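Keep in mind that this is a model prediction, so the values were computed, not measured.
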Protein chains: 2
Amino acid sequence: MARPRNFEEAEVLEGAVKLFREQGYDNTSVPQLIEKLGICRQSLYKEYGDKRGLYLRALERWGQREIDSKLILLASEGSPFENVLTVVRGWAAYASQCPGGGCMTVTAIVETRDDKEASAIVEKQVDRFERGFLEALGKAKELGEIKPKIRPERLARTLISACYGIGVLNRLEGSAPRIRDTVSLLLEVLHNARQS
Amino acid sequence: MARPRNFEEAEVLEGAVKLFREQGYDNTSVPQLIEKLGICRQSLYKEYGDKRGLYLRALERWGQREIDSKLILLASEGSPFENVLTVVRGWAAYASQCPGGGCMTVTAIVETRDDKEASAIVEKQVDRFERGFLEALGKAKELGEIKPKIRPERLARTLISACYGIGVLNRLEGSAPRIRDTVSLLLEVLHNARQS
DNA sequence: GATGTTTCAGAATGAATGTTCTACAACGAG
DNA sequence: CTCGTTGTAGAACATTCATTCTGAAACATC
């Protein structure tokens, strides 16, 4: 009953994630978004309200995708402790594969410190990630995979810190050795926590 | 032989550090700088070239001050290992004292990813910091304060990662427990590395 | 084929940005 | 005092930004 839209919701959001992730919020202009996303001005404003609206949706989508994949790994069958190791290794591998490139969440933490709505989205995702670690470690403890005196909460929180620390340093050229050694030491800590 | 200037170099730079640190580069406007720094437009441009010039100077000053204070602590008399502990504890204490507030270096890493000059300044400071840790840990090893099998490089790199990881998380509300546990675990790792 | 509705494409708008220009003020030297 | 120099104050400028507005285009229905 009307002219068909020329864009696909999913593609637009995906493109927005890409642009905002690579360039940040301020350095991505509306004209640029229009050009790269294949959506016209009017539709963008009709669909998302404004630039910030699109950003928030993109941020949420990025976090959802990023964290979901980790949670699936953490909750998958087999040894929960091994799953934790897999996620940590994977996080590090991702960093080393795209040096300089980056996690949108890290950018958002720094960029949107005064935007409560954006902060809430980020916090939610980080919390989900941490809970994922915590549940896996809790299960590992129940299964006797880690020593009784180890506190899963503390380990989970440290893993989160390490992950986002890696996320920042990955933005800094010449930090590959730092990331490598950090992960190596982290894995050693985990190894020591293991019930042998 | 001319009209005396109405501003003090040091004050201007100090104010610029404060503003850029709190708000970032993009969100700090030239009018705002003029208003808060007590320097007039013309003088700002004459003295620093442009806004970015002032930012680079401010970034350098911040890094200089921040890292210098750590290096002094790390190289001070007494046990080098204890000095490392002091700096780590101090870094964490600073974070917990100003939650949400932040290290200008962390912001710069994220904000200025395409600015080679700014990146160079940041890298230089981070390297200095890491070398400070490394030298202290090296001395500690010579003195037999840490176990022979411990590699100071790896430990130093990990400490850097942890510090800047803390710097990011400090921007995220509700991360105080994460920071606390991370430091606690970090100190435990150091404790285990100690030659008892 | 005409009508109604939704999308599209781009011009128009108004505010904010960084930077430059202009006129005036304050000093030291002659 | 007068002149040359340097700093100040703020107007003026060009650009860019996010956003809104305008008119044509593309479909479904009648």
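Taking the six-membered ring for Trp and thresholds of 30 and 60 degrees, A/Tyr164 and A/Phe129 have ring planes more than 60 degrees apart, a perpendicular arrangement.
For the pair B/Glu66 and B/Arg21, the salt-bridge criterion is not met [side-chain N within less than 4.0 Å of a carboxylate O].
Remark: P of D/dC21 and CG of A/Asp50 are 15 Å apart, rounded to the nearest angstrom. Distance CD1 (A/Ile39) to P (C/dT6): 17 Å, rounded to an integer number of Å. Distance, B/Asn27 CG to D/dA18 P: 13 Å, rounded to whole Å. Taking atom CD1 of A/Ile34 as the reference point, atom P of C/dG10 lies 11 Å away to the nearest angstrom. Regarding B/Leu44, its CG atom lies at a distance of 16 Å from the P atom of C/dC21, rounded to whole Å. For the pair B/Tyr45 OH and D/dC13 P, the interatomic distance rounds to 17 Å; values are reported in whole Å. For B/Asp26 and C/dT17, the CG to P distance is 11 Å, given to the nearest whole Å. In this structure, B/Glu47 places its CD atom 11 Å from C1' of D/dG7, rounding to the nearest Å.
Taking 4.0 angstrom as the limit, A/Lys46 places a side-chain polar atom (N or O) nearer than this to OP1 or OP2 of C/dT7. Put simply, B/Lys51 has no side-chain N or O that comes within less than 4.0 Å of OP1 or OP2 on C/dT19. Between D/dG7 and B/Ser43, no contact under 4.0 Å exists linking OP1 or OP2 to a side-chain N or O.
Between the side chain of B/Arg41 and the base of D/dT8, no donor-acceptor pair of N or O atoms lies under 3.5 Å. Side chain A/Arg5 to base C/dT6: no donor-acceptor pair is found below 3.5 Å. At a cut-off of 3.5 angstrom, counting only N and O atoms as typed in the model, there is a donor on one side and an acceptor on the other between the side-chain of B/Gln42 and the base of C/dT22.
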Are A/Lys51 and A/Asp26 close enough, and set up right, to give a salt bridge (charged side-chain N to carboxylate O under 4.0 Å, His left out), and what steps lead you there?
-> CA-CA 10 Å; A/Lys51 181 187 171 184; A/Asp26 280 327; 5.2 Å; no
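In summary, the aromatic rings of A/Tyr55 and A/Trp62 are positioned with their centroids too far apart to meet the 6.0 Å limit.
Annotation: the span from A/Glu130 atom CD to A/Glu153 atom CD amounts to 9.5 Å, rounded to 0.5 Å.
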